[in-house]
Amino acid sequence: MQYILLALTPLFILGSVMPFLSSGISSLRRVYRLTDEEADIRDAPDLKPVAENKIEGSISFEQVSFGYPTEDGSQPVEILKNINLTIKPGEVVGFLGATGSGKSTLVNLIPRFYDVKSGKITIGGVDIREIPLKTLHQMVGVCLQESYLFSGTIQDNLVMGAQDTSYDTMVQAAQAADAHEFVSAIPEKYEGHVARKGADFSGGQRQRLSIARTLMLKPKILILDDSTSACDVATEARIQDAVRDLMKDVTQLIVAQRISSVITADKIVLMEKGEIIDIGTHEDLLESSKLYQEIYVSQLGGEVPEYEVVE
Ligand code: ATP
Ligand code: MG
């Protein structure tokens with residue numbers, strides 16, 4: 001009896017462990033599937049290194065068209081059509097257009113989140129496919145439309161990806177993004193806890209921390225995709241002024257829904273249904289673009305000042 005019991009006990013234990021073992025194995029398979037996934041966008045095998053400091057921050061889109069790849073490999077729907085655009089180094093360019101007009105798609109092509117279907121994009125005259133991805137991602141800082149914070153401290157969240165992670169740089173970036181004040185009000189300051197997905201911060205605070213994180217990368221090209229949409233207009237203006245001061249000579253692409261976000265840009269690119277329909281300063285567009293006049297009147301109310309509405 002004793003021998004039988006001795007043999008049975010480990011069998012009982014094994015029986016209780018088995019369900020955990022099998023669910024563990026299937027979870028591990030899923031983890032491996034993810035870690036083994038190869039990126040679709042890769043450096044060409046014969047790519048030569050490019051010195052980042054030799055490339056200036058000008059951007060040009062030449063006859064670019066694009067459609068998101070489909071799951072079944074069928075012909076993708078064309079989202080961007082015939083995009084031609086030249087941006088000078090240090091220029092601040094606003095992108096304005098209705099929701100779904102392709103603004104995010106257009107700016108996300110610059111860091112090569114996707115590759116163009118036809119045409120080409122160059123930075124400093126170099127085709128972005130000829131710049132190693134690591135260099136490209138150091139040059140182009142993107143603050144995505146969906147801001148993402150992970151659990152950890154505020155500092156962990158801000159220094160992610162940055163090369164210069166000094167305290168001063170962090171505070172400078174947070175000040176420019178108008179985040180320093182509310183972080184300072186937290187008892188633990190930059191050591192303060194961030195919950196998963198930043199759930200313990202307001203939408204505007206999350207956006208400002210995301211901007212600070214992007215500023216810490218000290219990019220040559222800064223892309224802010226609807227990054228201040230949850231902030232009030234005064235805060236937004238303050239951030240824009242401070243970012244301009246901190247990021248002198250940095251080419252800035254500001255995507256927005258509100259005219260007030262792009263009113264001071266060097267030029268505004270007006271998009272509709274995947275096409276650029278007008279480019280100009282606020283004054284130019286107010287004078288010449290029917291769509292811009294409509295947006296102006298709908299957002300800021302009243303009449304279009306000084307100009308006749310184009311028929
Ligand atoms: P919003 O102002 O709402 O941010 P947007 O101008 O940034 O809009 P995009 O996000 O560029 O618009 O979307 C343009 C079009 O591309 C939309 O019709 C959308 O359905 C499609 N689209 C966007 N992202 C994807 C994706 N990952 N896969 C497939 N289609 C997409
Ligand atoms: Mg968008």
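One-based numbering, in listed order, for ligands and for the atoms of each. Keep in mind it's a predicted model, so treat the numbers as computed, not measured.
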Counting heavy atoms not belonging to Asp245, are there more than 12 under 6.0 Å from its CG? yes
Is it the case that atom NZ in Lys273 sees more than 12 heavy atoms from other parts of the structure closer than 6.0 Å? no
Everything protein-side that's N, O or S and under 2.8 Å from the Mg ion (ligand 2): list it, residue and atom. Ser104 OG, Gln145 OE1
Between [Y] and [X], does any NZ, NE, NH1 or NH2 come within less than 4.0 Å of an OD or OE carboxylate oxygen?
| X | Y | value |
| --- | --- | --- |
| Lys117 | Glu78 | yes |
| Glu236 | Arg258 | yes |
| Glu37 | Arg33 | no |
| Asp241 | Arg238 | no |

At what distance is the nearest protein heavy atom to [atom], and which residue and atom is it?
| atom | result |
| --- | --- |
| atom 28 (N) of ligand 1 | Tyr68 CG, 3.5 Å |
| atom 19 (C) of ligand 1 | Ile79 CD1, 4.9 Å |
| atom 13 (O) of ligand 1 | Thr105 OG1, 3.7 Å |
| atom 10 (O) of ligand 1 | Ser104 CB, 3.8 Å |
| atom 17 (C) of ligand 1 | Gly100 O, 4.0 Å |
| atom 4 (O) of ligand 1 | Gln145 NE2, 2.7 Å |
| atom 3 (O) of ligand 1 | Thr99 OG1, 2.6 Å |

Sub-4.5 Å side-chain heavy-atom contact between His137 and Pro111: yes
Note: ligand 1 atoms sitting under 4.0 Å from heavy atoms of Ser101 are 6 (O), 12 (O)
With a 3.5 Å distance limit and no angle check, can you tell me whether Arg213 reaches the backbone of Asn157 through a side-chain donor-acceptor pair? yes
Short question: side chain of Lys120, backbone of Arg129 - any donor-acceptor pair under 3.5 Å? no
Tell me which donor-acceptor pairs under 3.5 Å the side chains of residues 159-167 have, and how far apart each pair is, sequence neighbours excluded?
from: Asp164; atom 1: OD1; to: Ser166; atom 2: N; distance (Å): 3.1
from: Asp164; atom 1: OD1; to: Ser166; atom 2: OG; distance (Å): 3.1
from: Asp164; atom 1: OD1; to: Thr169; atom 2: OG1; distance (Å): 3.3
from: Asp164; atom 1: OD2; to: Thr169; atom 2: OG1; distance (Å): 2.9
from: Asp164; atom 1: OD2; to: Lys218; atom 2: NZ; distance (Å): 2.9
from: Ser166; atom 1: OG; to: Thr169; atom 2: N; distance (Å): 3.4
from: Ser166; atom 1: OG; to: Thr169; atom 2: OG1; distance (Å): 2.7

Does some non-hydrogen atom of Gly97 fall short of 4.0 Å from ligand 1? no
